[in-house]
Protein chains: 2
Amino acid sequence: MAATVTKRRARTRQRLLDAALHVFADEGFGRSTVEQVCDRAGFTRGAFYSNFSSLDELFLALWEERSARMLDDVRDALAGIDPDDPEAAVRAAIDATPVDDAWYRITAEFTAHALRTPGLRRVVAAREEAIRDAILPVFVTALGRLGRQVTDERALGDALVAVHDGTAVQVLLQPEDEGARTRRQALFMNVLSAYSTPREIS
Amino acid sequence: MAATVTKRRARTRQRLLDAALHVFADEGFGRSTVEQVCDRAGFTRGAFYSNFSSLDELFLALWEERSARMLDDVRDALAGIDPDDPEAAVRAAIDATPVDDAWYRITAEFTAHALRTPGLRRVVAAREEAIRDAILPVFVTALGRLGRQVTDERALGDALVAVHDGTAVQVLLQPEDEGARTRRQALFMNVLSAYSTPREIS
DNA sequence: CCGGTCGGATACAGGAACGTATTCGATACA
DNA sequence: TGTATCGAATACGTTCCTGTATCCGACCGG
């Protein structure tokens, strides 16, 4: 049964990925070594090279897996939102994309890495679009329930993502300053209202 | 004359910093080595260790120097703005902080690095505040000339920085898409109007 | 119960980068 | 011009990491 064999492979592969997440977060991707990842995962380098051909490959695999999972989480969180309470819905949607320190570090480095690797740039861009498209409809319908019409969906989507990314850094840089989070919330609200208009009753 | 001696030191120090900028941009800070920097600068490792004690130290020095210079450039650009044409002033102010590929990569990595190094976190946060404080008055006065009053300056400052950072990534990720730049501009405008109100004539 | 295959462990050699201790040349000053 | 000093070059030993080639055990099908 080939599936069982694959199952074993998949498990060590997964453990390597999980270990890498922490190593990259702690040391930075650039400063991480194959050995560190293996030590943390409880494997030898032999196992590593039997699963990946290089750290770069693992890095890509890790980023794709985690960002896809995060996208799913966001989708789930958004799906569970009560659209009859639009105010709360918006608030919940904003909270759905948490500001995670370790993950931010990894994506920041990966984005930088992608910007100097043409092939990867498109991968990142595509995932960013996917996130935008997943988030957008929730806000559009929530705003709709509030009697507001989104004027330019694409623009709103980009704006939300940009605001999320930009404010995340600020929040992380000043963990003691609770005001940063508040201003973040406010900025989201302002953008939402700036990109929508009260719908005239037909 | 001690100054002459210092002058020599300063020159090689500067050449090392310049070389490091390119190496870091090309390879990423994490993947860069002392040797690469020295090769590019035309020095040996001996010269390096006579000027810096580690790559980390150079990285910090480089970032401080360049970000301070960038801050000065922004100040200069803003100083040359004609406040009698507020619309153009705002536009010019937005353009004053250019979206530079190589520099973005370096700051992204440095920020990530700073987030895992407590001492550096404050340094980055402080510089970010300085940038905010330098930019803010220009927008406030420009809005003033347009008859608008800024409601919460701190919030506006943070929002502008966040929008700048967040949209910069998008612009860099999609260099072919001219729309990204346009939406960036629009988002700035929207934020400016969201954080200010028409001033009633007293 | 037995051979075959798959996957992780082991072992090896090579190379890359580090940091230091020392040398050598150039520059400043008397 | 001679000399002291400063700064970059050289040379060294060491550590760490890489990647591959091989081995061994476990699980599979028959």
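Chain naming here is simple, since letters A, B, ... match the order of the sequence lines and numbering starts at 1 in each.
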Could you tabulate the donor-acceptor pairs under 3.5 Å formed by side-chain atoms of residues 75-90 of chain A, not counting sequence neighbours?
residue: A:Arg75; atom: NH1; partner: A:Asp72; partner atom: OD1; Å: 3.4
residue: A:Asp82; atom: OD1; partner: A:Asp84; partner atom: N; Å: 2.9
residue: A:Asp84; atom: OD1; partner: A:Arg145; partner atom: NH1; Å: 2.8

| query | Looking at DNA chain D, which of residues 45-58 of chain A put a heavy atom within less than 4.0 Å of it? | reply |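 Here the set is A:Arg45, A:Tyr49.
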Q.
Below 4.0 angstrom, which residues in residues 26-43 of chain A have at least one non-hydrogen atom near DNA chain D?
A.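 When residues 26-43 of chain A is checked for heavy atoms under 4.0 Å from DNA chain D, the hits, listed by number, are A:Thr33, A:Val34, A:Glu35.
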List the residues meeting side chain to side chain contact (heavy atoms under 4.5 Å, CB included) with B:Asp165, not counting sequence neighbours, and say none if there are none.
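Testing B:Asp165 for side chain to side chain contact (heavy atoms under 4.5 Å, CB included), a comparison that skips the adjacent residues, returns B:Glu128, B:Val161.
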- Using side chain to side chain contact (heavy atoms under 4.5 Å, CB included) as the criterion, list what pairs up with A:Asp133, not counting sequence neighbours.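 For A:Asp133 there are no side chain to side chain contact (heavy atoms under 4.5 Å, CB included) partners, ignoring immediate neighbours.
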_Are B:Glu153 and B:Pro137 packed together at the side-chain level, in the sense that at least one heavy-atom pair is separated by less than 4.5 angstrom?_
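SC-SC contact between B:Glu153 and B:Pro137 ruled out.
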* To do: Run the numbers on B:Glu57 and B:Ser53 for side-chain hydrogen bond (donor to acceptor under 3.5 Å, both in side chains), then give the verdict.
  => CA-CA 7 Å; B:Glu57 190 187 303; B:Ser53 67; 2.5 Å; yes
What is the separation between atom CZ on A:Arg8 and atom C1' on C:dT5, rounded to the nearest whole Å?
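Distance check: A:Arg8 CZ to C:dT5 C1' gives 12 Å.
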query = For A:Arg11 and D:dA26, what is the distance between atoms CZ and C1' respectively, to the nearest whole Å?
reply =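 Distance, rounded to whole Å: 14 Å.
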Using ring-ring contact (aromatic ring centres under 6.0 Å, His included) as the criterion, point out the one residue from B:Phe110, B:Trp63, B:Phe59 that pairs with B:Phe29.
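Going through B:Phe110, B:Trp63, B:Phe59 one by one, the ring-ring contact (aromatic ring centres under 6.0 Å, His included) with B:Phe29 is satisfied by B:Phe59 alone.
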Of all residues at least two apart in sequence or in a different chain, which pass the side-chain hydrogen bond (donor to acceptor under 3.5 Å, both in side chains) check with A:Asp18?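 Only A:Gln14 meet the side-chain hydrogen bond (donor to acceptor under 3.5 Å, both in side chains) criterion with A:Asp18.
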Is there a side-chain contact between A:Thr44 and the phosphate of C:dT10, meaning an N or O under 4.0 Å from OP1 or OP2?
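So the side-chain polar atoms of A:Thr44 never come under 4.0 Å of the phosphate oxygens OP1 or OP2 of C:dT10.
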If we ignore hydrogens and angles and just use 3.5 Å, is the side chain of B:Glu109 paired with the main-chain N or O of B:Gly30 as donor and acceptor?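 Side chain of B:Glu109 to backbone of B:Gly30: a pair is present.
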